[in-house]
Participant: 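Once you've had a glance at the structure underneath, I'll fire off some questions.
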Amino acid sequence: MFPSVLPTYSRAPLSFVKGEGSWLIEQDGRRFLDLGAGIAVNALGHAHPALVAALTEQAGQLWHTSNLYEIPQQQELADRLVALSFADTVFFTNSGTEACELAVKMARKYFYDKDQPERTEIITFSGAFHGRSSAGIAAAGSEKMTKGFGPLLPGFKHIEFGDMEALGAAITDTTAAIMIEPVQGEGGIRPVPDADLKQMRALCEANGLLLIFDEVQCGVGRTGKMFAHEWAGVTPDIMMVAKGIGGGFPLGAVLATETAASGMTAGTHGSTYGGNPLGCAVGNAVVNIIGTDAFLDDVNRKAGLMRQKLEGLVASHPDVFESVRGSGLMLGLKCIATNSDVVAAGYRHEVITVPAADNVIRLLPPLNITDEDIAEAVSRLDQAASSLAAG
Ligand SMILES: *Cc1c(COP(=O)(O)O)cnc(C)c1O
C-alpha cells in the first residue's frame, strides 16, 4: 500500500510526545537532549513559558483575520524588527522558502521600476539552500534538488562557494543581485568570511546591485548576534528570516530597505496567512527575549563553552571527527566517519544532531540551553563516538 504520508522524508524511527527546554521525550519514555531544535527552529527550547503564554492568550482571543485588515501584532513585530536591524520594512511569510520567493520578486521589481528590466539575474553559490519552492530550488541549483523538476525558473547564475574571483567575473549588465547565506546551514555549516561579505557589499555598490542575505537558519540570535551579518559589519538590502523567529510556530519574514522595497506597492504581493495574529503573537514573544544584549551575550558565552568542549571531543576521537566549525550556537562537526552513522549513534545515546552536506553533523541547540545540558550533550556525543570507534 502506498504510504498515506507522501514518502518524501527518510525519517528516524523516533516519535516524540513532549518537549521540556532542551529535552525531547520519546513515546517509550526515553529523554533525548535536543541539539537539533527542529532544525534551528526551537530557538528557546520546547514549551518555553513565555511562548506558551503568548500562544494560548492569543488563541483565546483571535487566530486569523487575513491581511484585508489591520493586524496590531504584525505591526508590533515589524516595528521591533525594523528597530533591531538595517531594515525599513518587513513582509511576513509562513516559511523560509516563501521569504526567498519574495526576495527574488522584490529584486526583479526594483530593477523593472528603475527602467532596467533586463537586470533579472541573481548570483548564488554552490552548497546554498533556499528552500524547496520553484524559485528556491532554481536558486540553489543543485542536481539533488532540481533533477526532474524542470523547466526551472530562469535567471540564476551559480558560482563556487568562496570563489570571489568568479563572483566578480560573473557580474554583467543583466545582474540584479547577489544572494547568499552568511553561514551556510544545509551546505555543512560553512561561514562566509567577513572579508568576503564586505567585498560582496562593495561589489554591489560598485555595480548597482542588491545584496540579499538568507538568514533563515543563521539569523535571530543563532550566531550570537541578532543577525549573522552584523559580525561582518555590513548590511544587505534584502534579508530573509524564518526558522528561529517563530520558536516553533511557522513564521518567516523578508526585511528590506525602503529603496529595495520601493517597487512592492499595494497588490504586488500577498499571503493569506502571513503575519497572522497567532504567529505574530509568538514572534513578538521570541523577539522580546532574543533581541536583548543580555540574552545575546549569554548565547556568546555558551557558544564559547560548547566550542571548547567540542574541540576536546574532536581531539579525543580523531578517527570519528575532523574539526569543529561554525558561529555562535550554529556549530558543525566535520566527520571522518560517515555523518549519518554519527547521527544514528547519537540517537542510541539519546542525543539529537542533524546531518548536513560535506559530511558534517549540525549542532543547533536551543539558544537558552543550560551549561549543564551542554556538558551532558557533549558527554553523550563522546559516548556515541566511542561506540562507533569500537563498532
Ligand atoms: C530552512 C531554510 C530555508 C527554507 O525554509 P523553509 O521554512 O523550510 O521553507 C531557506 N533558507 C535557508 C538558509 C534555510 O536554512
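Throughout, residue positions are numbered sequentially from 1 according to the sequence presented. Whatever order the structure lists ligands and atoms in, that order sets their numbers, starting from 1. None of the values given here were measured: they were computed from a predicted structure.
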Participant: Is a salt bridge present between K334 and D358, judged by a nitrogen-to-oxygen distance below 4.0 Å?
Facilitator: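 Yes, this pair counts.
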Participant: Would you list the pairs meeting side-chain hydrogen bond (donor to acceptor under 3.5 Å, both in side chains) in which at least one residue belongs to residues 247-270, sequence neighbours left out?
Facilitator: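 Residue pairs passing side-chain hydrogen bond (donor to acceptor under 3.5 Å, both in side chains), neighbours aside: K105-H269.
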Participant: Do D373 and R380 sit within salt-bridge range, that is, some charged N less than 4.0 Å from a carboxylate O?
Facilitator: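 Between R380 and D373 there is no salt bridge, as every charged N stays at least 4.0 Å from the carboxylate O atoms.
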Participant: Hey, can you tell me if H229 and F86 have their rings parallel, tilted or perpendicular (30° and 60° cut-offs)?
Facilitator: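 The rings of H229 and F86 stand perpendicular, inter-plane angle above 60°.
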Participant: Could you go through ligand 1 and list every pair where one of its N or O atoms sits under 3.5 Å from a protein N or O, giving the atom names and the distance to one decimal?
Facilitator:
residue  : atom   : partner : partner atom : Å
ligand 1 : 5 (O)  : G96     : N            : 3.4
ligand 1 : 7 (O)  : G96     : N            : 2.8
ligand 1 : 9 (O)  : G96     : N            : 3.4
ligand 1 : 9 (O)  : T97     : N            : 2.8
ligand 1 : 11 (N) : F129    : O            : 3.1
ligand 1 : 11 (N) : D214    : OD1          : 3.3
ligand 1 : 11 (N) : D214    : OD2          : 2.7
ligand 1 : 15 (O) : Q217    : NE2          : 2.7
ligand 1 : 15 (O) : K243    : NZ           : 2.7

Participant: Hey, are K109 and D113 close enough for a salt bridge, meaning a charged N less than 4.0 Å from a carboxylate O?
Facilitator: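 Looking at D113 together with K109, the answer is yes, because their closest N to O distance falls below 4.0 Å.
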Participant: Without hydrogens or angle criteria, can the side chains of E118 and T174 be said to hold a donor-acceptor pair below 3.5 Å?
Facilitator: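 Side chains of E118 and T174: no pair found under 3.5 Å.
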